[in-house]
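Here is the structure we will look at.
Just so it is clear, the structure is predicted and the values come from calculations on it, not from any experiment. Scope of the values below: all heavy atoms of this structure, side chains included, with no hydrogens, waters or symmetry mates. Note on naming: letters A, B, ... go to the chains in the order of the sequence lines (proteins, then strands), and numbering restarts at 1 for each one.
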Amino acid sequence: MSTYQAPRGMRDLLPEEAAAFDALQAVIQARALRYGYPRIVTPIVEDRGVFEKSVGEASDIVGYEMYDVSLHGQAGLVLRPEGTAAVTRAFLEHGLHRAPRPVRFFYYEPMFRGQRPQLLRYRQFWQWGLECYGPEEPLADVEIVDFTARLFAHVGLQNYRLELNTVGDAKCQPKMREALAAYFASNRDSLSDESRDRLGRNPMRILDSKDPKDRAVVAAAPQLRELLCEEDREHFDQVIAGVERLGHPYKVSQNVVRGLDYYTRTVFEFILTDPEFTKAGDIAVAGGGRYNDLVQTLGGPPVQGVGIAGGVDVLYEALKKEGVRMGRPTTPDVYVLSAEKGDGADRLQIADPLRQEGFNVAIDYSDRPLDKQLESAVKHGAKVAVIRGTPEARGGNVIVRDLVAKTQRITRLAAVVTEVGRHVPKYVTPPLYTGPSNPDDHEPGAAGEGPYLPDDRD
RNA sequence: GCGGGAUUAGCCUAGUGGUUAAGGCCCCAGAUUGUGGAUCUGGUUACGCGGGUCCGAUUCCCGCAUCCCGCCCCA
């Protein structure tokens with residue numbers, strides 16, 4: 001047993017898992033860009049106040065789940081427990097509330113909460129998220145739901161359900177709270193201790209209680225829909241109509257009330273339905289909603305917003321459970337071996353053109369007998385061995401051996417790349433810069449469209 | 001933060017209040033003077049940490065750490 005281990009609730013992603021996480025990021029990020037959401041990166045550490053102000057001081061996250069980090073005893077910094085408040089801080093700090101609206105962001109970052117680790121709940125976990133600042137139109141809410149539903153369809157997630165709800169806006173919430181508080185107060189004796197406690201703080205949270213005692217009371221609680229203000233109801237109806245129109249299955253559920261204070265109007269959760277994940281209660285694979293007052297809360301102008309955050313660890317496990325394959329191979333396809341001792345430079349020279357060409361190539365560093373090197377190459381997952389230094393492979397020749405088919409041929413050095421290419425795939429190294437394509441490449445009329453028209457304003 | 005369970009090598013398992021704690025897989029080396037996943041042989045690595053009881057503890061007790069399960073909550 002090693003002396004040190006990863007901190008509680010934090011884990012290492014070994015190459016295979018890391019590859020899967022990379023693949024998930026690539027897919028989600030590319031899709032976010034399709035929707036007009038470019039990536040933003042914010043620091044892992046934030047001022048404590050960013051979250052106290054926005055998430056709510058009474059919330060569990062701020063109450064006891066924030067990771068303190070102090071520098072030279074100077075407190076006040078925490079590891080970020082969630083993305084929305086941090087992104088909003090950046091949005092304001094850079095004056096982006098003056099940028100053309102809506103202002104959209106995508107993020108994919110580790111988050112930290114000092115909670116007790118449990119099934120799919122870690123102290124360091126990864127979240128992807130979207131934030132959209134500016135629009136008050138319900139269409140923005142709908143698009144974020146749409147993004148998520150289509151993302152899950154794309155990656156192959158099947159076993160989940162979508163629940164929508166609305167919690168009203170700042171004008172309306174007090175009224176709703178009051179009505180709920182009155183109802184729950186009159187049923188005080190039937191409530192769990194926990195909920196009785198919540199009655200004074202946030203009666204809405206009683207709605208998502210899992211306590212069977214509360215359940216009965218909650219079932220007969222006044223419908224939020226009836227308590228809503230006119231504009232809130234209208235907004236919600238349009239959100240529902242939009243989701244409906246796009247054909248995403250959903251359910252309106254009073255129980256979706258989210259634990260963060262900044263939500264107004266629309267809230268939603270994508271909840272896993274596989275029995276393995278529901279035995280411990282609902283696990284959300286994504287959740288979000290509208291936050292119309294958050295920007296102001298953090299000291300900005302009145303700018304509305306809507307967003308969502310998804311759990312990468314949760315998504316990864318759910319996909320694995322459903323048999324979805326993720327990631328790229330983590331093993332080299334080609335191994336360079338040699339029967340000659342001390343010819344490391346030659347091995348590297350053989351590997352280089354193969355690598356240039358896009359093959360994944362590792363070399364054997366040792367002077368071990370060839371059989372050991374072959375065995376090692378196979379164990380490292382190589383499909384092809386390039387062998388030098390044997391009697392047959394002299395004078396600018398090497399052997400290219402297919403380790404799966406167990407066939408080989410002697411090949412001139414100049415033809416190694418071609419020969420290897422017959423057995424294993426090449427990979428594309430991503431470009432450092434991907435510019436816009438040239439619109440002139442488009443051939444007018446090719447797709448049946450009309451000719452370009454002159455713009456009279458020119 | 002509060003409850004319950006677990007912790008023997010890199011992994012999986014056995015076992016015991018008393019000499020060198022067992023086996024399988026993996027890893028390394030050799031048998032096999034250089035073309036592989038087999039076989040055989042050998043080798044490295046463990047009683048989570050700290051206290052206590054005891055002549056003596058890996059074994060019993062307590063605390064701590066970590067993991068799992070539940071509460072709480074969320075991604």
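Comparing B:rG24 with B:rA9, their C1' atoms sit 13 Å apart, to the nearest whole Å. Nucleotides B:rA14 and B:rC47 place their C1' atoms 13 Å apart, quoted to the nearest Å. Annotation: B:rA31 and B:rG15 have their C1' atoms spaced 34 Å apart (nearest Å). Rounded to whole Å, the separation between the C1' atoms of B:rG48 and B:rU8 comes to 10 Å. Only the P atoms considered, B:rC60 is 12 Å distant from B:rG18, to the nearest whole Å. Nucleotides B:rU13 and B:rG4, compared at atom C1', are 25 Å apart to the nearest Å. Taking atom P in both B:rU45 and B:rA22, one finds a spacing of 12 Å when rounded to whole Å. Here the separation of B:rG56 from B:rU16, taken at their P atoms, is 23 Å to the nearest Å.
Using a 3.5 Å distance cut-off with no hydrogens or angles, the side chains of A:D141 and A:H235 do pair a donor with an acceptor. Side chains of A:H248 and A:E244: a donor-acceptor N/O pair is absent below 3.5 angstrom, by distance only. In summary, the side chains of A:T264 and A:Q173 do not present any donor paired with an acceptor at a separation below 3.5 Å, with no hydrogens or angles considered. A side-chain N or O of A:D146 and one of A:Y35 form a donor-acceptor pair less than 3.5 Å apart. In this model, no donor atom of one side chain and acceptor atom of the other lie less than 3.5 Å apart for A:T273 and A:N159.
Ion pairing of A:D232 with A:R290 is absent here, as no side-chain N (NZ or NE/NH1/NH2) approaches a carboxylate O to less than 4.0 Å. Ion pairing between A:E317 and A:K321 fails under the 4.0 Å rule for side-chain N and carboxylate O. Under 4.0 Å is where a charged nitrogen must lie from a carboxylate oxygen, and between A:R161 and A:D274 no such pair does.
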- Message: Output the pairing pattern of RNA chain B as a dot-bracket string, 5' first, Watson-Crick or G-U wobble with both distances under 3.5 Å, | for cross-strand pairs, [ ] for crossing pairs.
- Response: (((((((..((((....[...)))).(((((.......)))))....(((((..]....))))))))))))....

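Within 4.0 Å of A:G9, counting heavy atoms only, lie sugar-phosphate atoms of the nucleic acid but no base atom. In this structure, A:L120 reaches the bases: a heavy-atom distance under 4.0 Å links it to at least one base atom across the strands shown. A:V285 comes within contact range of the sugar-phosphate backbone alone, with a heavy-atom separation under 4.0 Å but no base atom that close. Counting any heavy atom pair closer than 4.0 Å across all strands shown, A:A286 reaches sugar-phosphate atoms only and no base atom.
In this structure, A:E317 places its CD atom 11 Å from P of B:rC68, rounding to the nearest Å. Here B:rG1 presents its P atom at 7 Å from CZ of A:R8, a figure rounded to the nearest Å. Atom CG of A:D402 and atom C1' of B:rG36 are 13 Å apart (whole Å). A:Y262 has its OH atom 11 Å from the C1' atom of B:rC74, to the nearest Å. Separating the CG atom of A:L119 from the C1' atom of B:rG5 is a distance of 16 Å, rounded to the nearest angstrom. Rounding to whole angstrom units, NE2 of residue A:H380 and P of B:rC26 are separated by 15 Å. When the C1' atom of B:rG36 is taken as reference, atom CG of A:D364 falls 12 Å away, rounded to whole Å. Remark: P of B:rU66 and OH of A:Y122 are 16 Å apart, rounded to the nearest angstrom.
Of the side-chain N and O atoms in A:Q118, one or more sit less than 4.0 angstrom from OP1 or OP2 of B:rG70. Dashed line: the shortest gap from a side-chain N or O of A:K379 to OP1 or OP2 of B:rC26 is not under 4.0 Å.
Taking the nucleotide of RNA chain B with the nearest heavy atom to each of A:Q127 and A:A382, the more 5' of the two is matched to A:A382. Residue whose closest nucleotide on RNA chain B sits further toward the 5' end, between A:R116 and A:V404: A:R116.
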Do any N or O atoms of the protein come closer than 3.5 Å to N or O atoms of nucleotides 32-35 of chain B, and which pairs are they?
from   : atom 1 : to     : atom 2 : distance (Å)
B:rG34 : O2'    : A:L370 : N      : 2.9
B:rG34 : O2'    : A:D371 : N      : 3.2
B:rG34 : N7     : A:A339 : O      : 3.3
B:rU35 : O2     : A:R401 : NE     : 3.3
B:rU35 : O2     : A:R401 : NH1    : 3.4
B:rU35 : O2     : A:Q408 : OE1    : 3.1
B:rU35 : N3     : A:Q408 : OE1    : 3.1
B:rU35 : N3     : A:Q408 : NE2    : 3.3
B:rU35 : O4     : A:E392 : OE2    : 3.1

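When all heavy atoms are compared, the tightest approach of A:E131 to A:G307 is OE1-CA, 3.6 Å.
Judged by a 6.0 Å distance limit and a 45° cone about the ring axis, A:R104 is not positioned over the six-membered ring of A:Y133.
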Taking only distance into account, with no hydrogens and no angle test, what donor-acceptor pairs under 3.5 Å do side-chain atoms of residues 17-28 of chain A form with protein atoms, sequence neighbours excluded?
from  : atom 1 : to    : atom 2 : distance (Å)
A:Q25 : NE2    : A:Q29 : OE1    : 3.1

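Base orientation at B:rG34 is syn, since its O4'-C1' glycosidic dihedral falls within 90° of 0.
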